[in-house]
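So you know, we letter chains A, B, ... as the sequences are listed, proteins then strands, and number each from 1. Both backbone and side-chain heavy atoms feed into the values below; hydrogens, waters and symmetry mates do not.
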Amino acid sequence: MFAPLLQNLRDRHPLVHAITNYVTANDCANLLLACGASPIMADEPEEAPEITARAAGLVLNLGTLHRATLPALPACGRTANARGIPVVLDPVGVGASRFRRDTALRLLREVRFTVIRGNLSEIETLARGQEGAPGVDSTDRVTADNLDACCALVREFARRTGAVVAMSGSVDLVSDGQTVYCIRNGHPMMGLVTGTGCQLSCLTGAFAAANPDRPLEAAAAAVCAMGLCGEIAHARLGPEDGSGSFRTYLMDAVCRLTPDQLEKGARYELR
Amino acid sequence: MFAPLLQNLRDRHPLVHAITNYVTANDCANLLLACGASPIMADEPEEAPEITARAAGLVLNLGTLHRATLPALPACGRTANARGIPVVLDPVGVGASRFRRDTALRLLREVRFTVIRGNLSEIETLARGQEGAPGVDSTDRVTADNLDACCALVREFARRTGAVVAMSGSVDLVSDGQTVYCIRNGHPMMGLVTGTGCQLSCLTGAFAAANPDRPLEAAAAAVCAMGLCGEIAHARLGPEDGSGSFRTYLMDAVCRLTPDQLEKGARYELR
Amino acid sequence: MFAPLLQNLRDRHPLVHAITNYVTANDCANLLLACGASPIMADEPEEAPEITARAAGLVLNLGTLHRATLPALPACGRTANARGIPVVLDPVGVGASRFRRDTALRLLREVRFTVIRGNLSEIETLARGQEGAPGVDSTDRVTADNLDACCALVREFARRTGAVVAMSGSVDLVSDGQTVYCIRNGHPMMGLVTGTGCQLSCLTGAFAAANPDRPLEAAAAAVCAMGLCGEIAHARLGPEDGSGSFRTYLMDAVCRLTPDQLEKGARYELR
């Protein structure tokens, strides 16, 4: 079911405008190229909306937020909404400061997001106004014990926002407010590379840009694809390899992933 | 003919000041180290000209331009001109926004560039005031069909600006307004790694800094060297390797490239 | 003697807040994850002190300093002091501009640093107010000839500041004002990868955060560990590998380093 979505991404080479933090921007751009999209990064308010207007998709990432470039976020979001192109929000570390939380909540009011992607504490912070875990690379656990509660959380938050919500964890949950995809791809070693979440948000933006009429399936396909690539990268590790080689292999896997591989490797159930 | 230019770069370790975007800054710094230069990155207007004054070369890259650091570009360019050190302009995505275009055109008025390096749409935007293709990683094609027109474009733009113009494509063209080097090194896979153009601009700055009296040959040598390293990196790819490994192998190749290898591997004709 | 310090780092996963330059931020975050810490990067003054307050350690790095984010540095430093968490200063290229020098000297007045880590010219600039070498990747030499003078320099500067001073060179010196560790780990190829110094400062912050009562040993252990990982990475280089692969292998080595390996591989004498 996901094969045609990846094929569309490979065929259409959508231009994706990403406003993303400087820690992971290079990996995000390389990920977009590896998956078949064309990246453009620009966060200066004076030019950013003009660039969104040329793009097929937009990704807003809240890591290393700056006061000076902040106005670009709502402005680009509104431009994307006005032109009907998909917008992905990645509320990196939104529980870590009032500034990030206020920015995220403002964006939720001013922009209609196609997909909101974060980990458990980030989605909880947005959904409930609670403070989450401080680390942006923290591996929040979605476990067998809290799976029902987590499904209810993403479903309810998706309904309230009108966005597809993609929540990352040991099980990834993707919902449009009705269906919930419970996705069991991935490998814990992804947590040892900074920005795999940021990369996933960009991959989601690329899938959504190439498949604008199917945001739920696009987000679920992106989550499966990224997790599957983590599995492929892990299987390739040699006895001296660590997180440095894993990062390279992960990019290689995204670059080489075929629609057929994704179709066969995606592991999920619907709830 | 290019061997002594690379030897000079390896021997002289020129300090190159690069003002470059945060997406590719790390690769640019590593490229400069790999080729034998010493990098320094600084874009705060309060310190940038002071740093240019210590350097043997300057690279101005327009990706992820910010209003707050913008004044550093003309200020450093003028400092470099006053001290007679080479300056390279990389007008990344100059067709993507009015802000970048206005900045680039202002720089062309206020700074005498030693080399201007970009792809077809970027050079066309500068030369003709037209809007180019939106993507910064777009692979504009210089083909057999438009080769004459492209040669005329770089020759004319070089004459008008007094700079050596290096235009990247499937064939790379480098001209000082009279001679045109048509360079056939490189591999399409370089388009799957973000910032290979930014890296080439830094390599050009390094070659020019080490060979300040021969800007045309320095730029042509840099273009041949980068393309040759792309070929070497591609030849090394294993069955599971993709763009992640290619990026690493490209850096390895720059690090290991010998003057003799460059001499034998450079493929170009003069027009 | 260093084994338990690394074990603590692996067990405690300290959250380390790093304000670091955009050139090396990605490597710094990956290094922190590889060594067992959890990174958070944030330099906007509006949120940065709030993030420091959640962390177990703070690293202040002066590369690519910006006027707009500058106030975050002393503010976070004071927050760390007030909460009693370790603070590391990395005065990158402090001799390269008056702006960096003034900033560093101001920070020395306003913040009590746990560790100050830099190369010979950077430490000299701080200690003596002299201008140092311009390049941030310059390999200043601590040699047999100047070893005594260098030991006196770090010892005296440590006494004056109350910080542990870690000076990088072909021999690394770490002192609390009394003892001096002379450390002979490392490999010259580390100088071909940008930001190995920035990474070492983050590793120092991680060791100090996990071992807050033993700053001298924490800094010495970090210096030995980073150098040892450079040796391991170098031993792994194949015939086609260069600085690109070396960078990956260095991260792999940090990721896989065991307390036992560190214990056996650390090469130092006390003076």
| task | Taking all non-hydrogen atoms of both residues into account, name the closest pair between Ile51(A) and Ala96(B) and its distance. | result |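 Residues Ile51(A) and Ala96(B), closest heavy atoms: CG1-O, 3.6 Å.
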| query | For the residue pair Asp43(A) and Tyr22(B), what are the closest heavy atoms and their distance? | reply |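 Scanning both residues completely, I find the closest heavy atoms to be OD2-OH, 3.0 Å.
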| said: Among Glu44(A), Glu50(A), Glu47(A), Glu46(A), exactly one meets salt bridge (Lys or Arg N to Asp or Glu O under 4.0 Å) together with Arg100(B). Which residue is that? | reply: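 Of all the options given, the one that passes is Glu47(A).
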| More than 12 heavy atoms of other residues, nucleotides or ligands under 6.0 Å from CZ of Arg267(A): is that the case? |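 Buried by this count: over 12 neighbours within 6.0 Å.
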| Among residues 245-255 of chain A, which ones touch chain B with a heavy-atom distance under 4.5 Å? |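 Listed by number: Arg247(A), Thr248(A), Met251(A), Asp252(A), Cys255(A).
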| message | Non-hydrogen contacts under 4.5 angstrom with chain B: give the residues of residues 62-91 of chain A involved, or none if there are none. | response |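 Contacts with chain B: Thr69(A).
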| task | Go through Leu192(B), Asn21(B), Thr24(B), Asp27(B) and name the one with the most non-hydrogen pairs under 4.5 angstrom from chain A. | result |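 Top option by heavy-atom pairs under 4.5 Å: Leu192(B).
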| field | Under 4.5 Å from any heavy atom of chain A - which part of Asn26(B) | value |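 Asn26(B) has no heavy atom closer than 4.5 Å to chain A.
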| message | Tell me whether Arg256(A) contacts the main-chain N or O of Ser243(B) through its side chain, where contact means a donor paired with an acceptor under 3.5 Å. | response |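 Flag not set: sc Arg256(A) to bb Ser243(B) has no pair under 3.5 Å.
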| task | With sequence neighbours excluded, give me every ring-ring contact (aromatic ring centres under 6.0 Å, His included) pair touching residues 183-211 of chain A. | result |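 For residues 183-211 of chain A: His187(A)-His234(A).
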| message | Can you list everything that forms a side-chain contact (heavy atoms from CB on, under 4.5 Å) with Ala219(A)? Sequence neighbours excluded, please. | response |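 Residues passing side-chain contact (heavy atoms from CB on, under 4.5 Å) with Ala219(A): Val115(A), Val164(A), Val174(A), Thr204(A).
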